[in-house]
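Below: the structure, in structure tokens.
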Amino acid sequence: MFRKILVANRGEIALRIIQAAKKLGIQTVAVYSKADAASPHLKYADTTVCIGPAPSSQSYLAMEAILQTALQYDCQALHPGYGFLSQNALFAALCEQYKITFVGPSPNSMRNMGDKAHARSMMQEAGVDVVPGSTAIISSPEEALRLSHQLGFPVLLKATAGGGGRGMRLCRSEAELGQNFVQASLEAEKAFGNASLYLEKYIEGARHIELQVLGDAFGNIIHLGERECSVQRRHQKLVEEAPSPALNEQLRNHFGERAIKAIKKIGYQSAGTLEFIMDAESHLYFIEMNTRIQVEHPVSEMITGADIVEEQIRIAAQHELRKKQKDVTFQGHAIECRINAEDPANHFQPHPGQITRFRPPQVEVPGKIRIDTFVEEGCHIPPFYDSMICKLIAWGKNRPEAITTMQTALKNFVIEGVPTTIPFALQVIQSKQFTSGKYDTRIVEELIS
Ligand code: ADP
Ligand code: ADP
Ligand code: MG
């Protein structure tokens with residue numbers, strides 16, 4: 001096992017990684033930007049190193065500064081968390097060059113899956129259905145138009161390097177497609193340094209269902225079931241749950257087996273997530289793979305008992321997976337709400353500032369509550385990064401119990417100093433659509449209109 005690991009991230013996920021490392025007896029070096037100098041998570045690391053000023057381009061994305069720190073402090077491994085450098089194949093390759101183990105898949109897997117158009121064609125070749133659309137990058141507006149007529153409107157123009165819910169344009173007509181093509185391409189160039197676009201049929205009223213997989217260096221691959229992430233605003237997830245209310249055991253097994261077969265063909269090591277869209281006929285289509293730990297991983301942990309971050313580190317240290325697929329069992333139901341410093345009454349505007357009061361729910365609930373956060377009373381949510389304050393996760397023996405537990409927890413969670421998304425999360429959890437389980441990616445729009 002590694003002696004020392006560098007945590008190349010911030011906030012709740014940095015603390016989550018530190019905790020997993022501690023469990024494995026590994027020392028941690030946490031890097032931070034000047035804006036995060038007082039972040040409470042730093043107290044839990046063995047060593048902390050300031051790597052630059054607030055802008056992430058000069059700190060959490062500064063490859064050289066991070067690698068130098070890893071070398072200087074004799075770290076054998078580096079965990080990238082999510083966002084920032086977590087899906088940067090060049091960075092993973094540089095780590096390899098400096099003999100620092102990147103806790104994630106190989107640079108090659110990251111490259112293959114990081115280009116979304118390429119990932120689509122690889123998965124299709126491996127026998128997985130993808131959303132009907134282009135077979136590769138689209139080179140001109142004329143080509144996009146031809147294909148859109150074949151597919152039928154609406155279509156979705158997507159940046160092949162896109163992520164975080166950005167780089168997508170819905171086109172409902174020929175005129176909209178014409179207007180959007182050049183603009184989307186320019187935007188993609190600016191945001192992701194890659195102007196390439198591809199095209200998919202837009203599935204109305206789709207559900208987002210994703211599969212958590214784990215693969216080790218010995219070719220063993222398992223899945224930890226699915227997560228339902230259809231509660232989204234601007235293509236960003238707000239509430240996630242596992243299992244999905246839309247899958248039954250038969251569908252789950254079939255879906256899981258096919259996806260694993262494909263992943264085996266491709267060859268994949270570490271934790272990863274295959275994202276799918278499910279249409280009204282319960283047909284699942286692959287949309288992309290995230291080659292990293294995901295924000296919503298705790299719901300899978302709550303129902304399987306796995307520690308996915310610990311598994312990532314063990315896999316990176318060349319340990320074999322401890323479980324075979326038949327040993328993975330699912331218990332109960334888990335729901336996660338992302339609590340952000342945003343004002344739901346004002347178009348969810350990010351609202352950084354000082355958390356003057358932070359009182360997690362201290363109530364008797366039928367299930368269990370888990371809170372993943374780095375926040376303590378008095379600390380600041382800086383304006384430079386994402387506005388997440390914490391993740392609230394509720395577990396119950398079944399879905400209704402998990403919902404009740406989540407409701408009670410949300411009602412008893414006191415955060416003051418900044419507006420939060422707690423009232424909106426409560427509105428979602430109590431809505432008819434959510435409690436019935438029959439909702440899709442339109443749910444947030446329906447609730448705020
Ligand atoms: P998840 O599926 O884990 O919820 P998100 O799409 O919410 O993933 O992204 C997790 C984090 O990673 C967010 O902070 C998001 O802004 C960031 N992120 C995701 N993809 C990219 C990307 N291509 N470039 C930069 N940041 C990204
Ligand atoms: P990102 O890389 O930003 O996470 P994704 O390709 O995963 O982008 O898509 C993000 C979200 O956009 C999905 O969860 C879904 O809600 C919506 N979406 C993506 N593709 C389609 C599609 N073809 N039809 C309908 N909705 C889609
Ligand atoms: Mg996605």
Side-chain angles (χ1 to χ4, degrees), residues 82-84 86-88 110 112-124 128-135 137-138 144 147-148 150-172 176-177 180 184 187-188 191-194 196-213 226-241 244 246 271-297 338 386 428 439-446:
Y82 53 69
F84 299 122
S86 62
Q87 298 194 89
N88 189 315
M110 286 168 73
N112 279 332
M113 289 296 150
D115 181 304
K116 293 168 76 175
H118 188 237
R120 260 171 72 85
S121 64
M122 281 192 75
M123 289 304 276
Q124 198 168 19
V128 173
D129 292 340
V130 301
V131 184
S134 59
T135 44
I137 302 296
I138 298 217
L147 186 59
S148 301
Q150 274 170 30
L151 295 167
F153 284 97
V155 296
L156 200 56
L157 264 182
K158 293 173 123 181
T160 199
R166 293 174 312 139
M168 261 176 284
R169 290 259 177 146
L170 174 59
C171 310
R172 293 201 173 271
E176 278 185 15
L177 181 67
N180 280 336
E187 263 177 28
F192 314 111
N194 180 345
S196 303
L197 303 177
Y198 67 108
L199 196 129
E200 279 177 0
K201 168 101 188 135
Y202 181 71
I203 315 269
E204 303 266 7
R207 299 184 80 127
H208 173 119
I209 295 177
E210 58 185 35
L211 191 74
Q212 175 71 58
V213 300
E226 81 284 359
R227 294 184 285 260
E228 165 84 51
C229 312
S230 299
V231 183
Q232 302 182 352
R233 189 174 170 276
R234 295 202 191 121
H235 306 302
Q236 283 173 348
K237 300 158 187 165
L238 295 176
V239 177
E240 303 97 347
E241 59 178 319
S244 163
T273 299
L274 298 164
E275 295 193 333
F276 294 82
I277 284 283
M278 185 168 143
D279 68 11
E281 281 75 49
S282 299
H283 203 110
L284 285 152
Y285 301 97
F286 171 82
I287 50 170
E288 70 155 340
M289 180 167 193
N290 289 323
T291 55
R292 55 168 164 87
I293 188 76
Q294 265 180 296
V295 176
E296 59 275 20
H297 74 275
R338 301 190 190 193
D386 75 22
V428 171
Y439 63 95
D440 57 52
T441 48
R442 291 173 296 196
I443 182 173
V444 170
E445 234 171 273
E446 288 165 11

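First listed ligand is number 1; within each ligand, the first listed atom is number 1.
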Can you sort out which atoms of ligand 2 are near [X], meaning under 4.0 Å from one of its heavy atoms?
X      : answer
Gln232 : 11 (C), 13 (C), 14 (O), 15 (C), 16 (O)
Val131 : 23 (N)
Gly164 : 3 (O)
Gly165 : 1 (P), 3 (O)
Gly162 : 2 (O)
Lys201 : 22 (C), 23 (N), 24 (N)
Thr441 : 16 (O)

If we only count heavy atoms from C-beta on, is the [X] to [Y] side-chain gap below 4.5 Å?
X      : Y      : result
Lys237 : Gln294 : yes
Pro132 : Tyr285 : yes
Leu151 : Leu199 : yes
His118 : Thr160 : no
Leu238 : Val428 : no

By salt bridge (charged side-chain N to carboxylate O under 4.0 Å, His left out) - contacts of Arg169 (at least two apart) = Glu187
Counting N and O atoms only, with roles assigned by atom type, does the side chain of [X] sit under 3.5 Å from a partner on the main chain of [Y], one being a donor and the other an acceptor?
X      : Y      : result
Arg120 : Val131 : yes
Ser148 : Phe153 : no
Asp115 : Ala117 : yes

Yes or no: does [X] have any heavy atom under 4.0 Å from an atom of ligand 2?
X      : answer
Gln236 : no
Lys237 : no
Glu204 : no

ask   = Should the proximity of Asn290 to ligand 2, defined as any heavy atom under 4.0 Å, be assigned to the side chain, the backbone, both, or neither?
value = neither
inquiry  = So, of the N/O/S atoms that Glu288 has, which is the nearest one to the Mg ion (ligand 3)?
reply    =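 Closest to the Mg ion (ligand 3) among those atoms: OE2.
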task = Return the name of the atom in Glu275, of element N, O or S, nearest to the Mg ion (ligand 3).
result =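 So the atom name we want here is OE1.
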Among [options], which residue places a heavy atom closest to [atom]?
atom                    : options                        : value
atom 14 (O) of ligand 2 : Glu200, Arg207, His208         : His208
atom 8 (O) of ligand 2  : Lys158, Lys116, Glu275         : Lys116
atom 17 (C) of ligand 2 : Glu210, Arg234, Met289, His235 : His235
atom 25 (C) of ligand 2 : Ile287, Ile203, Leu199         : Ile203

ask   = Is the distance from the Mg ion (ligand 3) to the nearest N/O/S atom of Glu210 under 2.8 Å?
value = no
inquiry  = With a 4.0 Å cut-off on N to O distance, would you call Glu296 and Arg338 a salt bridge?
reply    = yes
Residue pair Thr273 / Glu210, side-chain donor-acceptor N/O under 3.5 Å = no
